[in-house]
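Atoms within a ligand are numbered from 1 in the order they appear, just like the ligands themselves.
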Amino acid sequence: NNLPTTASHFRHVDAMVPQPSAAAAKLSQLKAVVLGEAPASEDDEVVVPSHEFSRQALVPSTQKYLEMYKSSIEDPAKFWSSIASSEFYWKQRWGDQVYSENLDARKGNIKIEWFKSGITNVCYNCLDRNIDAGLGDKIAIYWESNEPGFDATLTYSELLHRVCQLANYLKSIGVGKGDAVVVYLPMLMELPITMLACARIGAVHSVVFAGFSAESLAQRIVDCKPKVVITCNAVKRGPKTIHLKDIVDAALIESANNRISVDVCLTYENQSAQNRESTKWEKGRDVWWEDVVPKFPTSCDVEWVDAEDPLFLLYTSGSTGKPKGVLHTTGGYMVYAATTFKYAFDYKDSDVYWCTADCGWITGHSYVTYGPMLNGATVVVFEGAPNYPDPGRCWDIVDKYKVTIFYTAPTLYVTRYSRRSLRVLGSVGEPINPTSCRWFFNVVGGSSCPISDTWWQTETGGFMITPLPGAWPQKPGSATFPFFGVQPVIVDEKGVELDGECNGYLCVKSSWPGAFRTLYGDHERYETTYFKPFPGYYFTGDGCRRDKDGYHWLTGRVDDVINVSGHRIGTAEVESALVFHPHCAEAAVVGVEHEVKGQSIYAFVTPVEGISYSDELRKSLILTVRKQIGAFAAPDKIHWAPGLPKTRSGKIMRRILRKIASRQLDELGDTSTLADPGVVDQLIELADD
Ligand code: 6R9
């Protein structure tokens with residue numbers, strides 16, 4: 001019997017429910033929040049949803065949340081199958097078992113399956129099903145170009161036609177069920193179109209964020225061996241033009257050196273950035289999208305797939321060098337992405353929704369493309385940079401499209417515009433500190449929009465700990481409580497579950513439909529990384545604190561992963577990029593707190609013998625990282641290191657490096673176990689500010 005026991009969990013849940021009188025007492029604190037004042041302790045700052053908001057919300061009260069949550073935990077099979085069957089189209093219903101799971105490596109292979117033997121298609125559910133329900137003429141995508149004043153729209157019917165044309169083209173070149181398709185596109189409409197076209201024919205898309213370098217792209221191509229790579233010639237981001245096709249060309253040369261050749265490079269001609277005459281071209285391999293795709297029919301039969309057939313691969317950083325291919329399957333992901341979207345944003349048919357994430361990250365998969373479109377939502381897709389041509393651009397877009405739900409990373413922007421249309425705000429990617437949260441609430445939301453601080457990961461497929469606006473009094477900076485069906489636990493270093501108020505490692509017991517099923521081609525690494533550290537649990541890699549009222553406060557990664565502006569980067573990845581430089585003997589990378597980016601990358605570098613420190617070397621090291629990974633992973637700081645603090649067994653003591661990087665020199669702790677304690681003094685001397 002896989003059913004988790006709920007008794008101990010509900011001790012917290014019951015403790016979580018604020019008593020009505022307590023909630024009323026907190027109202028005076030609400031006033032303080034609106035006025036922008038912070039109470040003495042962040043744990044005591046409570047924002048009660050407005051009566052008006054709660055009244056119309058899908059989950060209008062704490063009580064209702066608890067009812068639904070309880071039923072989702074007590075009988076996950078019933079809870080999820082009732083949603084799956086009432087809100088989605090299945091060609092054939094799943095078998096007797098709604099789900100089966102083993103999260104305990106001691107009992108055999110880790111396995112998670114949901115809706116197995118159910119036959120469906122995610123693209124059909126996003127488009128055909130909604131069109132059949134009368135949404136054909138509803139706007140699916142408002143596309144806003146990098147340049148203000150250039151835009152385009154697609155209705156659901158138009159989107160379906162475009163998707164079918166591309167799906168038909170892909171079939172014509174032999175792409176079929178289970179084949180990988182690597183997508184290296186910016187935020188053009190063609191990006192969601194490509195994702196949906198792959199889903200329609202059962203192909204597995206692997207979108208690579210178009211800020212990754214040729215080397216990173218090649219690494220992903222070599223790992224998943226696609227038949228086709230889909231890209232565009234160039235894109236403008238802010239004032240800069242980025243020649244994506246050149247990067248793909250270099251990546252394909254690199255892949256060929258690793259004996260992986262790609263037959264077709266389908267290239268969209270993005271005329272606003274570059275014309276085809278000036279685009280380098282390899283005859284026989286390269287094909288212009290505009291020359292072939294529009295010639296194909298606008299309807300295309302759906303490839304019906306099993307709920308456990310793969311939908312997509314998305315590479316993400318871990319604590320070792322090689323990116324991991326996170327694999328999501330069809331049925332569970334579909335149900336989970338759609339349901340989390342609906343409840344966490346309190347979605348209504350009349351909403352206009354904008355998520356600023358790029359489809360190159362999980363947020364763009366679940367909450368630009370799949371979650372919203374499964375709900376038949378109108379989505380804004382923005383090509384450009386949030387501060388171009390000026391810092392007010394985001395608010396221009398909010399006003400232009402009358403955006404009602406705005407989901408973004410908690411980075412501060414200057415504000416000048418009215419945001420009358422906004423109804424719900426969402427935030428993701430990094431801990432949002434109470435000050436930014438207060439700002440987001442007071443200034444952006446006009447003190448009336450609830451904020452959904454959504455905690456989740458590439459691996460989880462969708463929101464895991466998130467406020468349901470309307471249901472819960474919020475605490476700025478806390479992701480609050482688990483979504484339906486999610487059982488978060490906080491464990492100590494021995495893997496013992498902690499009760500009540502506590503601080504420790506965040507794990508999840510029992511599976512949820514959106515969970516990833518494996519790391520592509522490396523199930524063993526899947527088990528080792530996520531399920532072996534705390535046997536019996538999925539380990540998230542994050543630290544978490546639970547306060548006296550049961551609210552969850554994420555405290556950041558506890559492994560060697562850095563979060564820069566919501567982009568996840570492994571320290572090991574940056575280190576291997578640095579040592580790729582012929583003059584770098586050794587490198588150690590840590591994250592330091594950064595006011596705007598959350599964290600920034602700080603690198604300690606030991607040059608090879610005979611090479612001295614110079615500004616030139618510094619610049620060329622940074623350039624190497626940009627080339628190896630991408631500009632977003634470039635270190636903000638290079639700290640010269642004649643030696644690195646290592647234990648006698650040779651392990652770099654990052655704890656000490658983190659303290660040096662953040663200049664907390666009085667907190668270095670015990671350095672006596674180092675092989676050479678003298679290196680610490682050298683490093684402090686070389687700290688140049
Ligand atoms: C969705 C996404 C996952 C890591 C995760 C955690 C951090 C995400 C957060 C948050 C605090 C939040 N993270 N949301 N930390 N509060 N609301 O970002 O996926 O790129 O895989 O990163 O991001 O550290 O483990 P991904």
Check ligand 1 for close polar pairs with the protein: N or O on both sides, less than 3.5 Å.
unit_1: ligand 1; atom_1: 13 (N); unit_2: G429; atom_2: O; d: 3.3
unit_1: ligand 1; atom_1: 14 (N); unit_2: G429; atom_2: N; d: 3.0
unit_1: ligand 1; atom_1: 15 (N); unit_2: P431; atom_2: N; d: 3.4
unit_1: ligand 1; atom_1: 16 (N); unit_2: E430; atom_2: O; d: 3.3
unit_1: ligand 1; atom_1: 17 (N); unit_2: D453; atom_2: OD1; d: 2.8
unit_1: ligand 1; atom_1: 17 (N); unit_2: T454; atom_2: O; d: 2.8
unit_1: ligand 1; atom_1: 21 (O); unit_2: T458; atom_2: N; d: 2.9
unit_1: ligand 1; atom_1: 21 (O); unit_2: T458; atom_2: OG1; d: 2.5
unit_1: ligand 1; atom_1: 21 (O); unit_2: R568; atom_2: NH1; d: 2.6
unit_1: ligand 1; atom_1: 23 (O); unit_2: G429; atom_2: O; d: 3.3
unit_1: ligand 1; atom_1: 23 (O); unit_2: N563; atom_2: ND2; d: 3.1
unit_1: ligand 1; atom_1: 24 (O); unit_2: D542; atom_2: OD1; d: 2.7
unit_1: ligand 1; atom_1: 24 (O); unit_2: D542; atom_2: OD2; d: 3.2
unit_1: ligand 1; atom_1: 25 (O); unit_2: Q457; atom_2: NE2; d: 2.9
unit_1: ligand 1; atom_1: 25 (O); unit_2: D542; atom_2: OD1; d: 3.4
unit_1: ligand 1; atom_1: 25 (O); unit_2: D542; atom_2: OD2; d: 2.6
unit_1: ligand 1; atom_1: 25 (O); unit_2: R557; atom_2: NH1; d: 2.8

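- Using cut-offs of 30° and 60° for the angle between ring planes, the Y370 and H205 rings count as parallel.
- Relative orientation of the F539 and F534 rings is perpendicular, given thresholds of 30° and 60° on the angle between their planes.
- Under the salt bridge (charged side-chain N to carboxylate O under 4.0 Å, His left out) criterion, D309 pairs with K177, not counting sequence neighbours.
- Salt-bridge check for D560 with R658: passed, with a basic side-chain N closer than 4.0 Å to an acidic carboxylate O.
- In this view, E501 satisfies the salt bridge (charged side-chain N to carboxylate O under 4.0 Å, His left out) rule with no residue, not counting sequence neighbours.
- D223 meets the salt bridge (charged side-chain N to carboxylate O under 4.0 Å, His left out) test with K322; sequence neighbours excluded.
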